[in-house]
> 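Have a look at the structure that comes next, please.
Residue numbers run from 1 in the order of the sequence given.
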Amino acid sequence: MDDSSGLARLDRRIAGCRACPRLVEWREEVARTKRAAFAEWTYWGRPVPGFGPADARLVIIGLAPAAHGGNRTGRMFTGDRSGDVLYQALYDVGLASQPTSASADDGLELYGVRVTAPVHCAPPANKPTPGERDTCRPWLVTELELLRPTLRAAVILGAFGWQAAMPAFTEAGWNVPRPRPAFAHGARVVLDGLDVFGCFHVSQRNTFTGRLTPGMLREVLRTAADAAGLDQRTRRP
């Protein structure tokens with residue numbers, strides 16, 4: 001299978017998913033009522049697929065789209081403050097074409113990086129249930145399988161993403177140690193040639209309090225990019 005067309009088909013299937021009633025109801029309600037600041041927007045209001053090239057060497061796995069971020073714009077980490085922090089850092093280390101991500105048609109390109117999540121719908125209070133996480137897992141497994149030929153490193157944002165990603169790596173064919181490695185910022189685990197890094201999530205709670213600083217995030221991304229074989233000096237045209 002051509003990985004590019006395979007991912008495009010996967011993205012279309014994800015965008016049409018209605019498997020979790022609570023998430024469907026919430027994402028569509030948010031899209032109807034909107035936030036006053038975005039009253040003129042037509043919200044995406046559907047599951048948000050991953051974003052980035054099909055031959056990515058590095059994958060970044062978050063938690064779920066934000067109600068007025070990805071659920072509004074239709075692109076992962078786009079249109080909210082968490083995305084502002086993430087894409088600024090990716091730009092700073094040479095892995096993105098621009099430092100901002102405002103809309104799905106803003107021209108942003110990622111260099112050798114794909115951004116995704118274990119839950120593709122915006123959840124109430126940013127908290128998917130374990131059942132919703134597990135229902136959504138096959139999408140992540142398939143995405144990892146399609147990326148596997150080129151994938152060399154992964155950055156997992158937060159403990160929820162880490163707990164969701166480890167069984168997905170197993171199902172996608174990597175050997176994950178038992179007991180499963182524990183999440184920690186700066187953790188590094190090697191799975192059959194795939195270097196997996198833990199990083200605090202780019203949530204406002206973490207970035208506003210200084211638990212995760214821009215420098216800490218850049219350091220994890222640089223280390224992961226090196227492990228993935230991405231030459232940061234030549235990523236930008």
> How many angstroms lie between CH2 in Trp162 and CD1 in Ile156, if you round to the nearest 0.5 Å?
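These two atoms lie 6.5 Å from each other.
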> Apply the test side-chain contact (heavy atoms from CB on, under 4.5 Å) to residues Phe169 and Leu140: give CA-CA distance (whole Å), side-chain angles for both, the deciding distance (0.1 Å), then the verdict.
CA-CA 9 Å; Phe169 285 130; Leu140 180 58; over 6 Å; no
> Please confirm whether the backbone N or O of Met166 pairs with a side-chain atom of Trp174, one donor and one acceptor, at under 3.5 Å?
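No; judged by distance alone, with no hydrogens or angles, the pair does not exist.
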> What pairs meet the salt bridge (charged side-chain N to carboxylate O under 4.0 Å, His left out) rule with one or both residues in residues 120-136, with sequence neighbours excluded?
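Pairs touching residues 120-136 that pass the test: Arg22-Glu132, Asp134-Arg137.
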> Roughly how far, to the nearest 0.5 Å, is the SG atom of Cys17 from the CZ atom of Arg12?
15.5 Å
> Considering the options Arg148, Arg9, Arg13, Arg114, which one meets the salt bridge (charged side-chain N to carboxylate O under 4.0 Å, His left out) requirement together with Glu143?
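Running salt bridge (charged side-chain N to carboxylate O under 4.0 Å, His left out) over Arg148, Arg9, Arg13, Arg114 with Glu143 returns exactly one hit, Arg114.
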> Can you list, pair by pair, the side-chain donor-acceptor contacts under 3.5 Å of residues 189-197, counting residues two or more places apart and other chains?
unit_1, atom_1, unit_2, atom_2, d
Asp192, OD2, Asn175, N, 2.7
Asp192, OD2, Asn175, ND2, 3.3
Asp195, OD2, Arg188, NE, 3.0
Asp195, OD2, Arg188, NH2, 3.0

> Is Leu7 reachable from Leu110 through a run of I, L, V, M, F, W or Y residues, each pair having side-chain heavy atoms under 4.5 Å apart?
yes
> Please check if the side chain of Asp11 supplies one atom and the backbone of Pro49 the other of a donor-acceptor pair under 3.5 Å.
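It does not hold such a pair.
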> Please report the interatomic distance OG1(Thr207) to CG(Leu86), rounded to the nearest 0.5 Å.
11.0 Å
> Taking Arg27 for its side chain and Gly45 for its backbone only, find out whether a donor-acceptor pair lies under 3.5 Å.
yes
> So does Cys199 get a backbone contact from the side chain of His185, meaning a donor-acceptor N/O pair under 3.5 Å?
no
> Do you reckon Tyr43 sits in the same ILVMFWY cluster as Met76, going by side-chain contacts under 4.5 Å, direct or chained?
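No, because Tyr43 and Met76 fall into different hydrophobic clusters, even though each may have its own neighbours under 4.5 Å.
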> Test your reading of the model: is there a side-chain donor-acceptor pair from Trp41 to the backbone of Trp44, 3.5 Å cut-off?
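Pair absent, no side-chain N/O of Trp41 close to backbone of Trp44.
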> Consider only side-chain heavy atoms of I, L, V, M, F, W and Y, link residues closer than 4.5 Å, and tell whether Val176 and Leu147 are in one cluster.
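Yes.
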> Look up atom OH in Tyr87 and atom CG in Leu95, then write down how far apart they are to the nearest 0.5 Å.
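If I round to the nearest 0.5 Å, the distance is 12.0 Å.
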> Listing request: all salt bridge (charged side-chain N to carboxylate O under 4.0 Å, His left out) pairs with a residue in residues 32-60, at least two apart in sequence or in separate chains.
Glu29-Arg32
> Connecting only ILVMFWY residues whose side-chain heavy atoms lie within less than 4.5 Å of each other, what is the rest of Phe160's hydrophobic cluster?
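Direct or chained contacts put Phe160 with Leu23, Leu63, Val119.
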> To the nearest 0.5 Å, what is the distance between CD1 (Ile60) and CG (Leu221)?
5.5 Å
> Would Gln88 and Asp84 count as having a side-chain donor-acceptor pair, cut-off 3.5 Å?
no
> A quick test of your reading: do over 12 heavy atoms of other residues, nucleotides or ligands sit less than 6.0 Å from CD of Glu25?
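Open.
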> I need the Thr73 OG1 to His68 NE2 distance, nearest 0.5 Å.
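The OG1 atom of Thr73 sits 12.5 Å away from the NE2 atom of His68.
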> Report yes or no: do Val141 and Ile61 belong to one cluster of Ile/Leu/Val/Met/Phe/Trp/Tyr joined by side chain heavy-atom distances under 4.5 Å?
no
> Keeping His201 on the side-chain end and Leu157 on the backbone end, is there a donor-acceptor pair under 3.5 Å?
no
> Report the residues that fulfil side-chain hydrogen bond (donor to acceptor under 3.5 Å, both in side chains) with Glu171, sequence neighbours left out, ordered by chain and then residue number.
none
> Would you list the atom pairs, donor with acceptor, under 3.5 Å between side chains in residues 99-107 and any protein atom, with sequence neighbours excluded?
unit_1, atom_1, unit_2, atom_2, d
Ser101, OG, Arg75, NH2, 2.8
Ser101, OG, Thr78, OG1, 2.6
Ser103, OG, Asp105, OD1, 2.7
Asp106, OD1, Arg75, NH1, 3.3
Asp106, OD1, Arg75, NH2, 2.9
Asp106, OD1, Leu108, N, 3.0
Asp106, OD2, Arg75, NH2, 2.9
Asp106, OD2, Ala102, N, 2.8
Asp106, OD2, Ser103, N, 3.3

> Ile14 and Trp26: same hydrophobic cluster, using ILVMFWY side-chain contacts below 4.5 Å?
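Not linked; separate clusters.
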